[in-house]
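Quick notes on the structure that follows.
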Amino acid sequence: MAYAAKLWFLLLLTLFHPWCNSLVDAGTLCQQVPCYFVFGDSLADNGNNNGLKTQAKVNYPPYGVDFKDGPTGRFTNGRNFADIIGELLGLRDFIPPFAASEGRNIMDGVNYASGGCGILPETGRHQGEVISFDQQLINHNRTISRVTAALSGDKKKTADHLNKCIYIAGFGSNDYINNYLMPNLYPNSKIPPDQYAQKLINKYTQQLSTLYNYGARKIAIFGLGPIGCIPQEALSSRPNLLGCVENTNKAVQQFNNRLKPLVDDLNAKHPGAHFTYINVSNFAPVIGVLNKPCCKISEGAGAGQCVPNSAPCPFRSFKPFFDGFHPTETGHILLAGRAYVSASPADAYPYDIRHLASA
Ligand SMILES: *[C@@H]1O[C@H](CO)[C@@H](O)[C@H](O)[C@H]1NC(C)=O
Ligand SMILES: *[C@@H]1O[C@H](CO)[C@@H](O)[C@H](O)[C@H]1NC(C)=O
């Protein structure tokens with residue numbers, strides 16, 4: 001019942017889009033910010049890994065089966081949550097992946113997200129090349145140089161432009177899935193969960209401060225979902241009756257618990273900053289019992305991703321997971337909707353993205 005209610009709320013939100021429908025004649029008024037930048041992992045990647053030597057890429061069917069351009073490198077059947085937040089912000093086009101941004105309009109924003117990557121530079125490296133948050137920040141610096149050039153070298157205008165944009169950052173899932181939970185490949189697994197979470201937070205603090213120093217002022221930080229409840233985890237460890245691996249969820253909670261204090265700390269130390277925390281832990285009770293992937297899953301190389309050209313399941317709108325790790329578009333709509341307009345005070349702190357836009 002709760003699930004149905006949330007779904008309904010979000011269908012209303014995405015289909016109805018009241019902010020824009022009431023302003024059809026004034027197209028630009030619907031757009032709430034001039035630009036939007038995305039930093040993250042496979043949940044937000046829109047094609048940055050396609051040209052990399054890596055197992056962490058999915059530019060093949062059945063990915064994109066419900067997307068207008070087919071398989072683009074998005075790790076789901078349709079749009080991902082970063083795409084949907086862009087739509088809710090009123091941007092008319094999807095922002096380009098950094099990898100394909102040469103010559104494209106970068107003034108509306110760029111997506112740097114890379115499947116498999118994390119906060120720590122070594123995260124996900126067993127899969128091949130991935131673009132870590134550190135490298136995404138270096139790429140952003142290159143974008144800023146191009147923005148400055150487009151504004152005739154005017155640094156003041158560049159800063160004015162950049163501090164009006166919305167920035168989202170979603171990292172940490174792979175620092176667990178593709179690092180901490182792989183004791184044979186990564187020595188971090190020996191660190192106790194609370195110390196590992198603190199190690200991630202220390203690095204994240206530094207990276208988010210760099211983003212601020214690059215002119216970002218409106219920054220939404222996404223917490224981690226219940227990683228112990230994803231199909232791939234439940235396959236490889238011992239799940240409880242709800243289909244979730246409790247130890248994994250507890251370890252991840254150590255990281256999530258530190259994000260609200262992180263936001264307070266960043267806001268206190270950086271004048272004019274609006275960092276906000278998006279809490280996505282509330283999906284746990286819903287997805288645990290439904291954690292069946294929607295395609296045939298690879299074993300070995302690219303484990304947990306759909307087997308290329310395998311048939312996607314029917315009724316995808318009612319399934320939470322597309323492959324062994326990633327939500328369907330429906331899952332992304334739920335996530336994006338609650339991040340944009342919080343459905344309860346626990347969803348966002350101190351504000352949701354709609355309020356961040358006007359902060
Ligand atoms: C960002 O790029 C500029 C050149 O456009 C360079 O001077 C600066 O050192 C770079 N910053 C970092 C942190 O890499
Ligand atoms: C995040 O949401 C969960 C579930 O609604 C809630 O139990 C938890 O207290 C929230 N966390 C924060 C930091 O608000």
Side-chain angles (χ1 to χ4, degrees), residues 1-3 5-6 9-10 37 39 98 101-102 106 110 112 121 131-159 161-162 167 170 172-173 194 197-198 200-201 203-216 220-229 242 244 246 249-267 270 275-288 331 334-353 355-356:
M1 187 57 217
Y3 183 70
K6 284 172 198 165
F9 168 69
L10 285 152
F37 290 96
F39 298 82
F98 177 75
S101 67
E102 289 307 321
I106 50 157
V110 173
Y112 303 95
I131 309 163
S132 66
F133 191 11
D134 281 346
Q135 183 60 45
Q136 292 182 33
L137 288 165
I138 294 171
N139 292 345
H140 186 50
N141 195 20
R142 286 177 49 199
T143 299
I144 293 174
S145 306
R146 292 166 63 198
V147 170
T148 311
L151 296 172
S152 318
D154 190 327
K155 294 228 161 87
K156 169 88 172 53
K157 267 193 193 157
T158 304
H161 179 73
L162 292 174
Y167 299 75
S173 296
D194 58 328
Q198 193 54 47
L200 294 179
I201 293 291
K203 179 78 177 161
Y204 211 15
T205 304
Q206 195 194 324
Q207 290 161 329
L208 291 164
S209 301
T210 301
L211 188 55
Y212 171 88
N213 291 335
Y214 283 158
I221 301 168
F222 282 73
L224 307 189
I227 288 170
C229 304
L242 286 172
C244 299
E246 281 163 29
N249 282 343
K250 279 195 194 129
V252 167
Q253 198 56 39
Q254 296 274 354
F255 176 78
N256 280 340
N257 286 344
R258 287 167 168 79
L259 290 175
K260 206 167 161 179
L262 169 74
V263 157
D264 282 334
D265 180 46
L266 288 167
N267 283 332
H270 299 297
F275 285 90
T276 195
Y277 165 53
I278 307 296
N279 180 3
V280 306
S281 25
N282 21 35
F283 291 95
V286 174
I287 66 174
L334 288 167
L335 177 63
R338 287 185 77 156
Y340 190 76
V341 181
S342 54
S344 100
D347 285 350
Y349 172 83
Y351 23 58
D352 57 24
I353 293 177
H355 288 98
L356 184 64

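These values consider heavy atoms only, across backbone and side chains, with no hydrogens, waters or symmetry-generated copies. Atoms within each ligand, like the ligands themselves, are counted from 1 in listed order.
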Starting from atom 14 (O) of ligand 1, what is the nearest protein heavy atom, named by residue and atom, and what distance separates them? N141 ND2, 3.4 Å
Holding to salt bridge (charged side-chain N to carboxylate O under 4.0 Å, His left out), I want the full list of residues that pass it with D194, two or more places apart in sequence or in another chain. none
Parallel, tilted or perpendicular, judged at 30° and 60°: which one describes the rings of Y112 and H140? perpendicular
Against heavy atoms of S281, which atoms of ligand 2 measure under 4.0 Å? 1 (C), 2 (O), 3 (C)
Any atoms of ligand 1 less than 4.0 Å from a non-hydrogen atom of Y214? List them with their elements. 11 (N), 12 (C), 13 (C), 14 (O)
Polar contact flag, side-chain donor to acceptor under 3.5 angstrom, S281-N279: yes
Which of the atoms in ligand 2, numbered in the order shown and given with their element, are less than 4.0 Å from a heavy-atom of K260? 13 (C)
Only heavy atoms of N279, strictly under 4.0 Å: list the atoms of ligand 2 that pass. 1 (C), 2 (O), 3 (C), 8 (C), 10 (C), 11 (N), 12 (C), 14 (O)
Quick check for you: to the nearest 0.5 Å, what is the distance between L211 atom CG and F39 atom CZ? 5.0 Å
Answer yes or no for atom 5 (O) of ligand 1: protein heavy atom present at a distance under 4.0 Å? yes
Protein heavy atom under 4.0 angstrom of atom 11 (N) of ligand 1, is there one? yes
Below 4.5 Å, heavy atoms only, C-beta onward: do Y204 and I221 meet side chain to side chain? yes
Using a strict cut-off of 4.0 Å, indicate which atoms of ligand 1 neighbour a heavy atom of S145. 5 (O)
Using atom types as modelled and distance alone, determine if a side-chain donor or acceptor of D352 lies under 3.5 Å from a backbone N or O of A348. no
